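What follows is a single structure, written as structure tokens, with notes after it.
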Amino acid sequence: MKIIDRLNEDRIHISFEIFPPKTDEGFDSVIAAADEMAKLNPAFISVTYGAGGGTSKNTARIASHIKDELHVLSLAHLTCASSTKEEVRYVIENLKSLGIENILALRGDIPANMTFPDENRFQYASELVQEIKKHGDFCIGAACYPEGHVENEHKADDIRYLKQKVDSGVDFLTTQMFFDNDIHYNFLYRIREAGITVPVLPGIMPITSASQMKRSQELSGTVFPRRFLAILDRFGGAPAAMKQAGIAYATDQIIDLLANGVKNIHIYTMNRPDVAAAIMNNLSEIINV
Ligand code: FAD
């Protein structure tokens, strides 16, 4: 089944995310995390993609496991900056042979010391989207950035390029993490005004430790509101309290989104079934309304 068909159903959908192990030794623990998350009945589970090597191979294996063994829709991420066009075509064909119908098409970060652009690589995610479409009838998702992508000085350019990306064949968008819902509402208004009409899944990252907050900020360049910083200041040194407060903060963001009419939400669950379960427990009645 295609994820877009699920998102178009008139009810609330919550999806989760898994990242593959860096080495094959970690494979079983990631599969165990996926197994636990599947019990929470997510709309789909996405599997991120690392640059080359074992990580990329494991994305397909884990996405297959989720689909075939757990009977949950899976979304395989695919990046193109760190691979040649030939390698990317091979991965797409492999996903097709495994019966994976849903791909999140990404450029990926440009590896340091690489000459980029280069004619043997796709330059933007929009080119990857066009390539995927040549290989079959996939449902294609893509990334978007409510606070703007770090490489773009002007948000207007970001939205113009996002429109081009969606027009190249994107079925739905997932946002970068954000911690202030007003930024998301403002972004939604601007992209709808720009003619982007596909479903947009806000990406919610439960921050359960001070170190995770630091990593998230480095990764996404997101702005943390004062309300969140006060939580970190008060509870950052007490791991169990910080975890509880982070789960409550993410739950609060989700409840506000749902109350404002958002129906589809993606949680960056980061191989943490305990965190996913705690949030789903907090929402147990809310998601059935
Ligand atoms: P693009 O859409 O290609 O955009 C990249 C930049 O180019 C943007 O600044 C854009 O505005 C600009 N641009 C686009 N088109 C044009 C054009 N025609 N002319 C000029 N400029 C243009 N990374 C991973 O390595 N693995 C993952 O699994 C992964 N999953 C992610 C999931 C989500 C939901 C998100 C939000 C990000 C994810 N990332 C992942 C990170 C992502 O790869 C990086 O943010 C990357 O820098 C941009 O990827 P993109 O697909 O958004 O690129």
Side-chain angles (χ1 to χ4, degrees), residues 3 15-22 30 44-60 62-63 74-83 87-88 91 95 100 102-112 114 116-117 121-132 140-178 183-184 187 190-191 194 196 198-205 215-222 264-271:
I3 286 175
S15 52
F16 298 155
E17 187 156 301
I18 289 273
F19 61 89
K22 288 213 164 39
V30 175
F44 64 87
I45 300 179
S46 72
V47 188
T48 66
Y49 191 87
T55 321
S56 53
K57 175 189 72 194
N58 282 334
T59 297
I62 297 165
S74 64
L75 171 65
H77 293 207
L78 172 59
T79 69
C80 57
S82 59
S83 310
E87 287 163 343
V88 169
V91 177
L95 293 173
I100 292 168
N102 304 291
I103 302 180
L104 193 76
L106 301 142
R107 186 200 65 184
D109 290 325
I110 298 162
M114 179 192 269
F116 194 86
R121 291 165 206 275
F122 297 108
Q123 187 175 357
Y124 298 113
S126 53
E127 295 175 13
L128 175 61
V129 171
Q130 287 165 8
E131 181 65 30
I132 293 169
I140 305 175
C144 62
Y145 303 83
E147 293 170 77
H149 185 256
V150 283
E151 288 166 32
N152 257 323
E153 206 178 326
H154 303 292
K155 277 192 188 168
D157 291 339
D158 220 34
I159 291 178
R160 190 157 49 84
Y161 296 134
L162 182 62
K163 170 86 168 89
Q164 285 174 10
K165 179 159 75 173
V166 171
D167 289 348
S168 69
V170 169
D171 295 298
F172 69 92
L173 294 166
T174 306
T175 76
Q176 180 60 281
M177 65 184 88
F178 58 85
I183 291 175
H184 181 66
F187 173 70
R190 292 181 68 172
I191 65 168
I196 297 171
V198 295
V200 178
L201 282 79
I204 300 300
M205 170 74 91
R215 268 200 314 281
S216 300
Q217 193 157 37
E218 283 163 5
L219 198 81
S220 66
T222 186
N264 303 309
I265 291 176
H266 186 65
I267 306 178
Y268 290 110
T269 45
M270 309 288 290
N271 301 5

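In each ligand, atom 1 is the first atom listed, and ligand 1 is the first ligand listed. Values in this document were obtained by computation on a predicted structure and should not be read as measured data. Positions are given from 1 along the sequence.
The shortest N/O to N/O separation between Gln176 and ligand 1 does not fall below 3.5 Å. Taking distance alone, with nitrogen or oxygen atoms compared against 3.5 Å, Arg107 approaches ligand 1 more closely than that limit.
Among all heavy-atom pairs drawn from Ala76 and Ile100, the shortest one is CB-CG2, 4.2 Å. Nearest heavy atom pair, residue Leu219 against residue Met177, reads CD2-CE, 4.3 Å. A pairwise comparison of heavy atoms in Pro111 and Ser82 identifies CG-CB, 3.9 Å as the closest pair. Of all the heavy atoms in Ala142 and Leu104, the pair that sits closest is N-CD1, 3.4 Å. The two residues Ile103 and Leu78 come nearest to each other via the heavy atoms CG2-CB, 3.9 Å.
Close approach of ligand 1 to Tyr268 is summarised as follows: ligand atoms under 4.0 Å from at least one heavy atom of the residue are 33 (C), 34 (C). Distances below 4.0 Å separate heavy atoms of Gln164 from the following atoms of ligand 1: 18 (N). For ligand 1, the atoms lying closer than 4.0 Å to a non-hydrogen atom of Ala125 are 1 (P), 2 (O), 3 (O), 51 (O). With ligand atoms numbered from 1 in the order given, ligand 1 contributes 24 (C), 25 (O), 26 (N) to contacts under 4.0 Å with heavy atoms of Thr79. The ligand atoms of ligand 1 that sit less than 4.0 angstrom from a heavy atom of Thr48 are 28 (O). Within ligand 1, counting atoms from 1 as listed, the ones closer than 4.0 Å to a heavy atom of His149 are 6 (C), 8 (C), 9 (O), 45 (O), 46 (C), 47 (O), 48 (C). For ligand 1, the atoms lying closer than 4.0 Å to a non-hydrogen atom of Leu104 are 32 (C). Listed by number with element, the atoms of ligand 1 under 4.0 Å from a non-hydrogen atom of Thr174 are 34 (C).
Between Phe178 and His184, the ring-plane angle classifies as parallel under the 30° and 60° cut-offs.
Contacts with ligand 1 closer than 4.0 Å are made by heavy atoms of both the backbone and the side chain of Tyr124. Within the 4.0 Å heavy-atom criterion, the part of Lys165 lying near ligand 1 is the side chain and not the backbone.
Across the listed options Tyr161, Tyr49, Phe19, Phe122, Tyr161 owns the non-hydrogen atom lying nearest to atom 16 (C) of ligand 1.
Not a single heavy atom of Gly203 sits under 4.0 Å from any atom of ligand 1. Contact analysis puts Tyr145 in contact with ligand 1, with a non-hydrogen atom separation below 4.0 angstrom.
At a threshold of 4.5 Å between non-hydrogen side-chain atoms, the residues Val200 and Pro146 do not count as touching.
By the side-chain hydrogen bond (donor to acceptor under 3.5 Å, both in side chains) test, Lys155 is found to be paired with no residue, residues two or more places apart in sequence or in another chain being considered. Remark: Gln123 pairs with no residue by the side-chain hydrogen bond (donor to acceptor under 3.5 Å, both in side chains) rule, at least two apart or across chains.
Under the 3.5 Å distance criterion, with hydrogens and angles disregarded, a donor-acceptor pair is assigned to the side chains of Ser15 and His266.
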